[in-house]
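Bear in mind the structure is a predicted one, so any value in this text is a computation, not a measurement. Throughout, a chain's letter reflects where its sequence line sits, starting with A, and its residues are numbered from 1.
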2 protein chains.
Amino acid sequence: MTDRTDRSDRTDRVVPEAERRRRRPTKHGTVLSEQVIVDTALRLVGRHGAQAFTVRRLGLALGADPSAIYRYFHSTDDLLLAVADELIGLALNGWRPTGDWRSDLREVGMRVHARSLAHPQAAVLAAYRTTGRANEIRAVETMLGILRAAGFPDPDAVSLYHAFIDQALGFAVLDSAALALPAQAQHADNGVWDTAYRDLSPDTHPHIAATADLLAADMRRSAYPLALDLLLDALAARLPARS
Amino acid sequence: MTDRTDRSDRTDRVVPEAERRRRRPTKHGTVLSEQVIVDTALRLVGRHGAQAFTVRRLGLALGADPSAIYRYFHSTDDLLLAVADELIGLALNGWRPTGDWRSDLREVGMRVHARSLAHPQAAVLAAYRTTGRANEIRAVETMLGILRAAGFPDPDAVSLYHAFIDQALGFAVLDSAALALPAQAQHADNGVWDTAYRDLSPDTHPHIAATADLLAADMRRSAYPLALDLLLDALAARLPARS
DNA sequence: GATCGAACGTCAATGCTGTTGTCGTAAGGG
DNA sequence: CCCTTACGACAACAGCATTGACGTTCGATC
């Protein structure tokens, strides 16, 4: 069971990327590889929305038979994990920790959030998955290192890492999902703060009426930067005094 | 706000619930209605998992032909919105603030989170929408009231409310999405912490290797309770001294 | 440079899914 | 009691992921 953990599993259909020797061009001339498929999937989803993420449309975009994709990934889920891992890699590419745990964590959080918003449709599909692939492992190692070096005992470092990354991903999914909505629904959802919430009487809804302007302005932006700073405040307060 | 009435008056197939006169029992004797369908859908998802939420299985559970559902809802998405609307009310039903802002906010956060996890499929699709409907307005008014009564100035109350509710919804989406996965993928994602992350060498990944046991244990649970407490810590620290 | 095993792209088929055109039955107002 | 029509049932369609079989052609080997 759980034969989906990539290399341990011996589905004879898929050959590990490292062991590939023969590459035959498809009918339309493109030469397939894991990287080409992942890149095409990202481009496809970015251009035509999350509902374009189907094996058939991906095959069409690649100029290959849909079933050829199963020579490289065991399932569409497996492919999705590869896409998710690619996003993680893109988020942290070219970044190195400075040694200041607070600004390092802040930068990681903002990068993950920003990268998700750059590919909202893919982020919605992939942000809550655990890939166990190279880029994710590298990211986990980096963040754990920051927290342990800051002085948090191991149990705290682990649970605080968990809270930190899930908050980043949670906001990423939420904000990405709003961006990925059809333009019509997106505009309508935003407009609610200018219509329904502005018409409420101070008698029945005193708090909303008193802050309607502030609400309409604030709800347009992402709350993640503030939430991130609040989390970092709380972390700093829990940090044991250095010896 | 994409209220359902917008779509309702366009399709000739669906008759508004208020105007229904004839009710014919299905082959298996049940009498359909919006309420019966919504309740059955909730029960189905709760009992057989998210992947049971298909028109065909819903028809089976209702003892009716799947197409009969389209006499009451224009699409499965329309049905999901109706289900989601039910959930918003359920989350806060029967709850009243105690006056202690911190425990009140904590209770609201935990209720929203728990209610989402009880119906993950609906939560994933609906948690990031702004409905502007009665239950949502009531919730916003309540939470703003808690923060303003606690002593936060209006601009802070609004932006902190925003961070608070988006954190709750973000974790709700993230954790719901994990629950809504097909059982196989869900199990595989969890298993990664016991396989891929345990096999890493201390030489290449010292921080993961040092905490592998802790990671595997912690990642099984939701990080929301901790994240919520951290947020509340930070709020308490920012609360102006009462005069 | 000829040979041959197999890698991998392609084809076809299966069983899902949401959705809809059509038909016939029975509900219930007149 | 009859006539209209609401509405449940049926069948069909398009699109989905996935898989077994097939045959081309790559490339290692001698």
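For A:Tyr70, the side-chain hydrogen bond (donor to acceptor under 3.5 Å, both in side chains) test picks out no residue, with sequence neighbours left out. Contacts of A:Asp39 classified as side-chain hydrogen bond (donor to acceptor under 3.5 Å, both in side chains), with partners at least two apart in sequence or in another chain: A:Gln35. Taking the salt bridge (Lys or Arg N to Asp or Glu O under 4.0 Å) definition, one finds that A:Arg220 meets it with A:Asp194, sequence neighbours left out. Taking the side-chain hydrogen bond (donor to acceptor under 3.5 Å, both in side chains) definition, one finds that A:Ser159 meets it with nothing, sequence neighbours left out.
Contact annotation for A:Ala68: base contact, defined as any heavy-atom pair under 4.0 Å involving a base atom.
The separation between A:Leu60 atom CG and D:dG15 atom P is 12 Å, rounded to whole Å. Taking atom CZ of A:Arg57 as the reference point, atom C1' of D:dC16 lies 13 Å away to the nearest angstrom. One atom, CG of A:Leu58, and another, C1' of D:dT18, lie 15 Å apart when rounded to the nearest Å. We find that CG of A:Leu125 is positioned 12 Å from P of D:dA17, with the value rounded to whole Å. Between B:Ile69 atom CD1 and D:dC10 atom C1' there is a gap of 15 Å when expressed in whole angstrom units. If you take NE2 of A:His48 and P of D:dG15, they are 16 Å apart, rounded to a whole angstrom. Note: CD (B:Gln51) to C1' (C:dG18) measures 17 Å, nearest angstrom. Nucleotide C:dG18 holds its C1' atom 14 Å from the CG atom of B:Asp78, rounded to whole Å.
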TODO: Using a 4.0 Å cut-off on protein heavy atoms (strictly under), produce a 5'-to-3' string for nucleotides 19-24 of chain C with B for base contact, S for backbone-only sugar-phosphate contact, and - for none.
DONE: BBBB-B
Indicate every side-chain donor-acceptor pair of residues 53-66 of chain B with a distance under 3.5 Å to a residue at least two apart or in another chain.
{"unit_1": "B:Thr54", "atom_1": "OG1", "unit_2": "B:Arg57", "atom_2": "N", "d": "3.1"}
{"unit_1": "B:Asp65", "atom_1": "OD1", "unit_2": "B:Ser67", "atom_2": "N", "d": "2.9"}
{"unit_1": "B:Asp65", "atom_1": "OD1", "unit_2": "B:Ser67", "atom_2": "OG", "d": "2.6"}

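Salt bridge status for A:Arg133 with A:Asp78: present, with a side-chain N to carboxylate O gap under 4.0 Å.
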